[in-house]
Peer 1: 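Below: one structure in structure tokens.
Quick caveat: nothing in here was measured; it's all calculated off a predicted structure.
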Amino acid sequence: MPVLSVIVPFHNVEKYIGPCLDSIAAQTLGEEVEVICVDDGSVDGSADAVASRRAADPRITLVRQDNHGVGHARNVGVRHARGDYLAFVDGDDTVPADAFKRMVSTLEDTGSDLACGNVMRLYHNLLIPSWAHREAFAKPLRRTHITRHPLLIRDRMLWNKVYRRTFWDRLGLSFPERMYEDQPVAMAAHVGAKSVDVLARVVYHWRQRDEPASSITQRRLEPGNLRDRLLSVLQTADLVAAAAPRLKDDFDRDTLDIDMGVAVEAMADAGAAADDDLLDLAVRYLDGVSPEAWRSIPFEHRLLVHLLHRRRLDELAAVFAQAREGHLWPKVGSAGMLRKRWYGRHPSLPGHLSEVSGELGLQARLVSLDWRDGVLRGAGRVAVGRFDVGGLRRVRVRIWLEERGTGDVMLLSDEESAPTWESVEDEEGGRLPEHAFPFRFALDPGAMSRARLARHGLWDLCVQLRGQGLRLEGKVAGPRWLPPPIPLPRRRSGVWLVPVRTSRGAWCLRVRTASMTVGDCRVDGGDLLLSGVMTDAGDGEPVLRLRRRNDGEEMYFPVELDGQEFRARVPLAGIDERVGHESWWEVLIDQGRAQRPLVRTRPRARVTVAGRSFQIDRGEDGCLLLVER
């Protein structure tokens, strides 16, 4: 008898079912695994791919059925299962080699009913953390329960788990025969378990497919899809309210954000033609949401969901379009004397749902930054979220540099400011309105003492807005692909002052030395050409290394030396394919040890080579970055 039964429902996943089964076959649990593959009426080569592996691996069973949906297929798989434990894998996903052994081992050690683990999203050949699982699985826990570890309320997927079969049968778990069938079952298992083991280790790779209409979530706005989603939400909400009522607000916070976001978009697109039955389902769920859960979601989304709840579909469509175009800027004001509370103002949202005290936060960006007369001068704007702040009148804006590690502070400006409207470019090249407080500052390098220069530190550009009972502070940042361009480095007292932006767009000042500098960097005929100077050419043969930040992959290219001068050429079309949405390549010169040459040229515009888009940029320490987007 097998120890673990792995149930794999599949439908038209010919491209993925092979890697999926290979990952299960490679499990370190070995011969103690049986794999029950249920073909849900595939019309491509999926079943043939399974059959070929079944011929070589007797642990695999193939069950065929007409297309009844994944819930029915999973129920069929459970009826065929003989193992002491159950696991489920979707036919387009994969499983790390030691995942099932880890989960079965912890269950046998603790006696818990259920083991669950962390998840990575698999996009092309890149693994990235799943936002839904990151917090809940940050640390391992044994013999816990969802009521003691409420973050598990987000763990509504079926497949990152191993279930004790006797527990499964005792609860009488089975899948509804509709889409989104896993949420009520996974949550019933969590609340019905006597205890649960939580693994911080990754146990599942959840594929993000990029084919059009390739998954349920990519068809989320279709009426049938939305109906099944809402039915699962209602079933799960009733379950949580009855079995774990203290978790209902936690459940609702996530559901309002995710599921009701989909309902809002679908109903706003449909307008007056929206399906009344779908609207009834959404309203039925929202009738049971507490005021505390309502106030936990952002003001803009709260307004839209409120209009859905009140069945004001024409108004919902108008406000949704306004928000999507970036033109929804409600006024913000305060009330109270001893303890000020802040409220957004919109005629469609009642006062008891309008508080935004915990939502206000700074969004500061630079408009210009450059060296003039030896002084680094900048100008920018700071907004308080997406709100009209005209009611705040004048406040003070303080700008300073703060050194990481030491906390040393250099004040750059502290001035009164009044908000103004401005049209701002977004990352797609469109224009959006912005209501914000303008500011200016200047850094005279002469104000930096020898001690500060000698520390070779990294200084963050910070901002504080205070007045009218409000006090907010943060870093000056913004999308790094938008203006202003990063100014050139300047030399002072034997060190370089290098304005830089982090990968997240935060502005900083790096103080560093440089044994290598790049003086020329350009693209010619599809090749990246760079040249510069080494202070010590040494005796070795230098090579140029490209190191991809995403995964540590490296590529090597020759470097020509002429005394202390060096030149290198990188054919851009030959660089390894992009990993994920962006690939970030650090450019290093290796001559026995890797060094990051300081770039003394301005960042270049994007270039397209062989259909691929590259940006030549400067990294956090002033080194050369090659980014493919």
Peer 1: Out of E554, R549, R548, which residue meets the side-chain contact (heavy atoms from CB on, under 4.5 Å) rule with W585?
Peer 2: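 So, applying the side-chain contact (heavy atoms from CB on, under 4.5 Å) to W585 and each of E554, R549, R548, only R548 qualifies.
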Peer 1: Would you indicate whether the side-chain heavy atoms of Y204 and D90 approach each other to under 4.5 Å?
Peer 2: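 A side-chain contact exists here, since the closest heavy-atom pair is under 4.5 Å.
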Peer 1: Test your reading of the model: is there a side-chain donor-acceptor pair from R578 to the backbone of E628, 3.5 Å cut-off?
Peer 2: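 No, R578 side chain to E628 backbone: no donor-acceptor pair under 3.5 Å.
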Peer 1: Please report the closest heavy-atom contact between I36 and V63, naming both atoms and the distance.
Peer 2: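 That closest heavy-atom pairing would be CG2-CG2, 4.3 Å.
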Peer 1: In terms of heavy-atom contacts, does CZ of R142 have more than 12 from other residues, nucleotides or ligands at under 6.0 Å?
Peer 2: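 Atom CZ in R142 is packed in, count exceeds 12.
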Peer 1: Do the side chains of D113 and K161 get close enough for a salt bridge, i.e. N-O under 4.0 angstrom?
Peer 2: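 Salt bridge: no.
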Peer 1: Would you call V240 and D252 a side-chain contact if the rule is heavy atoms closer than 4.5 Å?
Peer 2: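 The answer is no, as the side chains (C-beta and beyond) never meet within the 4.5 Å cut-off.
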Peer 1: Specify whether W206 and W159 have parallel, tilted or perpendicular ring planes, treating 30° as the upper limit for parallel and 60° as the lower limit for perpendicular.
Peer 2: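 Correct class here is tilted.
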Peer 1: State whether the side chain of K194 and the backbone N or O of G111 hold a donor-acceptor pair below 3.5 Å, judged by distance alone.
Peer 2: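 The answer is no, because no donor-acceptor pair under 3.5 Å joins these two groups.
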Peer 1: Check the surroundings of atom CZ in R178: do more than 12 heavy atoms from other residues, nucleotides or ligands lie under 6.0 Å from it?
Peer 2: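 Correct, the count exceeds 12.
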Peer 1: Does a sphere of radius 6.0 Å around NZ in K101 hold more than 12 heavy atoms from other residues, nucleotides or ligands, not counting ones at 6.0 Å or beyond?
Peer 2: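 At most 12 heavy atoms, drawn from other residues, nucleotides or ligands, come within 6.0 Å of this atom.
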Peer 1: Answer yes or no: is there an ion pair linking D98 with R102, defined by an N-O contact shorter than 4.0 Å?
Peer 2: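 Salt bridge: yes.
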Peer 1: Identify which one of L199, L152, L151 satisfies the side-chain contact (heavy atoms from CB on, under 4.5 Å) criterion when paired with F137.
Peer 2: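 It is L152, the one option of L199, L152, L151 that forms the side-chain contact (heavy atoms from CB on, under 4.5 Å) with F137.
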Peer 1: Are the side chains of V185 and E181 in touch, meaning some heavy atoms are under 4.5 Å apart?
Peer 2: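 Contact flag for V185/E181 side chains = no.
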Peer 1: Looking at E292, I'd like to know if its CD atom is crowded, meaning that more than 12 non-hydrogen atoms belonging to other residues, nucleotides or ligands lie closer than 6.0 Å.
Peer 2: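 Yes, because the 6.0 Å sphere around CD of E292 holds more than 12 heavy atoms from other groups.
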Peer 1: Under 3.5 Å, is there a donor on one side chain and an acceptor on the other for Y85 and R165?
Peer 2: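 No, R165 and Y85 have no side-chain donor paired with an acceptor closer than 3.5 Å.
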Peer 1: Got a salt bridge between R74 and D182, using NZ or NE/NH1/NH2 to carboxylate O under 4.0 Å?
Peer 2: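 Result for this pair is no, no salt bridge flagged.
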Peer 1: Kindly say whether P96 contributes a backbone atom to a donor-acceptor pair with the side chain of Q27 at under 3.5 angstrom?
Peer 2: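 At least one qualifying donor-acceptor pair exists.
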Peer 1: Verify the distance criterion only: is there a donor paired with an acceptor across the side chains of R246 and T147 at less than 3.5 Å?
Peer 2: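 Looking only at side-chain atoms, T147 and R246 do not form any donor-acceptor pair under 3.5 Å.
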Peer 1: Could you tell me whether D250 and R253 have a side-chain N and a carboxylate O separated by less than 4.0 Å?
Peer 2: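 Answer for the salt bridge query: yes.
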Peer 1: Step through the shown structure and confirm whether more than 12 heavy atoms of other residues, nucleotides or ligands are within 6.0 Å of NE2 on H68.
Peer 2: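 Atom NE2 in H68 is packed in, count exceeds 12.
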Peer 1: Can you tell me how the ring of F88 sits relative to the ring of Y163, calling it parallel under 30°, perpendicular over 60° and tilted otherwise?
Peer 2: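 It falls in the perpendicular class, over 60°.
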Peer 1: Please determine if R207 and D92 form a salt bridge, counting it only when a charged side-chain N lies under 4.0 Å from a carboxylate O.
Peer 2: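 Salt bridge: no.
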Peer 1: Kindly indicate whether the side chain of T236, heavy atoms from C-beta on, has any atom under 4.5 Å from the side chain of P184.
Peer 2: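 When only atoms from C-beta onward are counted, P184 and T236 do touch, with a gap below 4.5 Å.
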Peer 1: Could you check whether any side-chain N or O of R143 sits under 3.5 Å from a backbone N or O of T110, counting only pairs where one atom can act as donor and the other as acceptor?
Peer 2: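 Looks like yes, one N/O pair under 3.5 Å.
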